Enquirer: 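Got a structure for you, written out below as structure tokens; questions coming shortly.
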Amino acid sequence: TAGLPKDEDIDTRKRKFRLRILIMLQKIVTIRDSIDSLHLAMSIFAGHGVMECFSALPRLLRDAMINEQWEGPRNLLLNQIHHDLQRVSDWYPAAEFAADILTRGDSALVAEFEHFIEHGKSMLQSDEARRMCPEPIEA
């Protein structure tokens, strides 16, 4: 189950599983933030921001975009997270997982997360999934 040894106690397995999922989520956020920040930095310098003889920003942007593919595109990581959560649902229910990682413990958000996980991959392309997982608002 999700590459975790079954001979470990349940708390250790849950802690390792949370770490696995949080690492994937961190990759998604870090890549998106770095690309957005580099776009902003390039726009601050206007035309000079895209000239490699003036700035390293274009190279850093390319590196960030390559990193996204190297670490796994957002949709691949989200799909893996969804799959992993379904695979461990017998010993780590989605609601318990969500409650463990969400610091505020918002019961409505936990219930929504659980509903999303329990409805399988077919829901990923539904209107309800798009409502539950809106794109972030750009500044």
Side-chain angles (χ1 to χ4, degrees):
T1 46
L4 299 172
K6 291 185 176 191
D7 59 346
E8 292 181 329
D9 67 277
I10 193 71
D11 290 333
T12 300
R13 284 176 31 200
K14 287 179 180 180
R15 191 174 64 250
K16 286 182 176 181
F17 182 75
R18 283 192 303 271
L19 179 62
R20 172 184 170 81
I21 299 301
L22 290 171
I23 286 171
M24 286 190 275
L25 290 170
Q26 174 270 332
K27 288 177 181 181
I28 292 168
V29 171
T30 301
I31 291 297
R32 179 167 283 179
D33 286 353
S34 64
I35 290 172
D36 290 347
S37 296
L38 286 162
H39 275 142
L40 177 61
M42 290 171 75
S43 70
I44 290 170
F45 288 110
H48 288 101
V50 296
M51 295 172 53
E52 291 192 44
C53 62
F54 179 81
S55 168
L57 293 173
R59 179 183 54 80
L60 294 172
L61 179 62
R62 282 193 310 275
D63 288 351
M65 294 171 78
I66 290 168
N67 242 356
E68 179 179 25
Q69 298 308 311
W70 186 267
E71 293 296 339
R74 180 176 183 264
N75 61 341
L76 179 72
L77 290 170
L78 289 172
N79 197 28
Q80 184 63 53
I81 290 168
H82 186 264
H83 180 69
D84 285 355
L85 285 164
Q86 286 184 322
R87 287 189 339 177
V88 302
S89 63
D90 59 326
W91 57 269
Y92 205 1
E96 184 182 347
F97 171 80
D100 287 348
I101 66 167
L102 296 173
T103 57
R104 290 191 179 91
D106 181 348
S107 60
L109 184 58
V110 170
E112 203 166 321
F113 182 82
E114 180 181 29
H115 176 74
F116 181 74
I117 295 303
E118 290 177 353
H119 280 80
K121 289 185 180 184
S122 62
M123 187 183 160
L124 290 176
Q125 298 303 319
S126 72
D127 288 337
E128 185 176 2
R130 285 190 274 288
R131 180 193 61 75
M132 291 170 71
C133 303
E135 285 296 314
I137 298 171
E138 299 296 324

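Because the structure is a prediction, the values reported are computed rather than measured.
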Enquirer: If you measure from CG on Asp33 to CG on Leu40, what distance do you get to the nearest 0.5 Å?
Expert: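 It is 12.0 Å, given to the nearest 0.5 Å.
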
Enquirer: Would Arg13 and Ile10 satisfy side chain to side chain contact (heavy atoms under 4.5 Å, CB included), going step by step from the backbone distance to the final call?
Expert: CA-CA 5 Å; Arg13 284 176 31 200; Ile10 193 71; 4.2 Å; yes

Enquirer: Assigning hydrophobic clusters by single linkage (Ile, Leu, Val, Met, Phe, Trp, Tyr; side-chain heavy-atom cutoff under 4.5 Å), is Met42 placed with Phe45?
Expert: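 Yes, because Met42 and Phe45 connect within a single hydrophobic cluster, where side-chain heavy atoms sit under 4.5 Å apart.
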
Enquirer: Classify the ring geometry between Phe54 and His48 as parallel (under 30°), tilted (30 to 60°) or perpendicular (over 60°).
Expert: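 Phe54 and His48: tilted rings.
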
Enquirer: Exactly one of Val88, Ile101, Asp84 should register a side-chain contact (heavy atoms from CB on, under 4.5 Å) with Ile21. Which one does?
Expert: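 So the option named by the test is Asp84.
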
Enquirer: Measuring from atom CG of Leu38 to atom CZ of Arg62, what distance do you get when rounded to the nearest 0.5 angstrom?
Expert: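 Going from CG on Leu38 over to CZ on Arg62, the span is 11.5 Å.
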
Enquirer: Find the distance between NE2 (His83) and CG (Leu76) and round it off to the nearest 0.5 Å.
Expert: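 Here the interatomic distance stands at 11.5 Å.
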
Enquirer: What do the steps show when you test Arg20 against Gln80 for side chain to side chain contact (heavy atoms under 4.5 Å, CB included), and what is the final call?
Expert: CA-CA 11 Å; Arg20 172 184 170 81; Gln80 184 63 53; 3.5 Å; yes

Enquirer: Of all the heavy-atom pairs spanning Ile35 and Leu61, show the shortest one and how long it is.
Expert: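 Shortest heavy-atom separation between Ile35 and Leu61 comes out as CG2-CD1, 4.1 Å.
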
Enquirer: Enter the distance from Ile81:CD1 to Phe97:CZ here, rounded to the nearest 0.5 Å.
Expert: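 Reported to 0.5 Å precision, the distance equals 7.5 Å.
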
Enquirer: Cluster question for you: counting only ILVMFWY and a side-chain heavy-atom cut-off of under 4.5 Å, with indirect links fine, are Leu25 and Leu85 together?
Expert: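 Yes: a chain of side-chain contacts under 4.5 Å links Leu25 to Leu85.
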
Enquirer: Looking at Ser34, is its backbone amide N or carbonyl O close enough to the side chain of Ser37 to form a donor-acceptor pair, meaning the two atoms are under 3.5 Å apart?
Expert: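 The answer is no, because no donor-acceptor pair under 3.5 Å joins these two groups.
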
Enquirer: Look at Arg18 together with Asp100 and state whether they make a salt bridge at an N to O cut-off of under 4.0 Å.
Expert: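 So Arg18 pairs with Asp100 through a salt bridge.
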
Enquirer: State which residues pass salt bridge (charged side-chain N to carboxylate O under 4.0 Å, His left out) with Asp63; sequence neighbours excluded, sorted by chain then number.
Expert: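 Counting only residues at least two positions away or on another chain, Asp63 forms a salt bridge (charged side-chain N to carboxylate O under 4.0 Å, His left out) with Arg59.
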
Enquirer: With rounding to the nearest 0.5 Å, note down the distance linking CD1 in Ile28 to CD in Glu68.
Expert: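 Answer for the CD1-CD pair, Ile28 versus Glu68, is 9.5 Å.
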
Enquirer: Can you confirm whether Met65 is buried at CE, in the sense that more than 12 heavy atoms of other residues, nucleotides or ligands lie under 6.0 Å from that atom?
Expert: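 Atom CE in Met65 is not crowded, with 12 or fewer foreign heavy atoms closer than 6.0 Å.
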
Enquirer: Distance from Asn67 atom CG to Leu60 atom CG, nearest 0.5 Å?
Expert: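 Reported to 0.5 Å precision, the distance equals 11.0 Å.
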
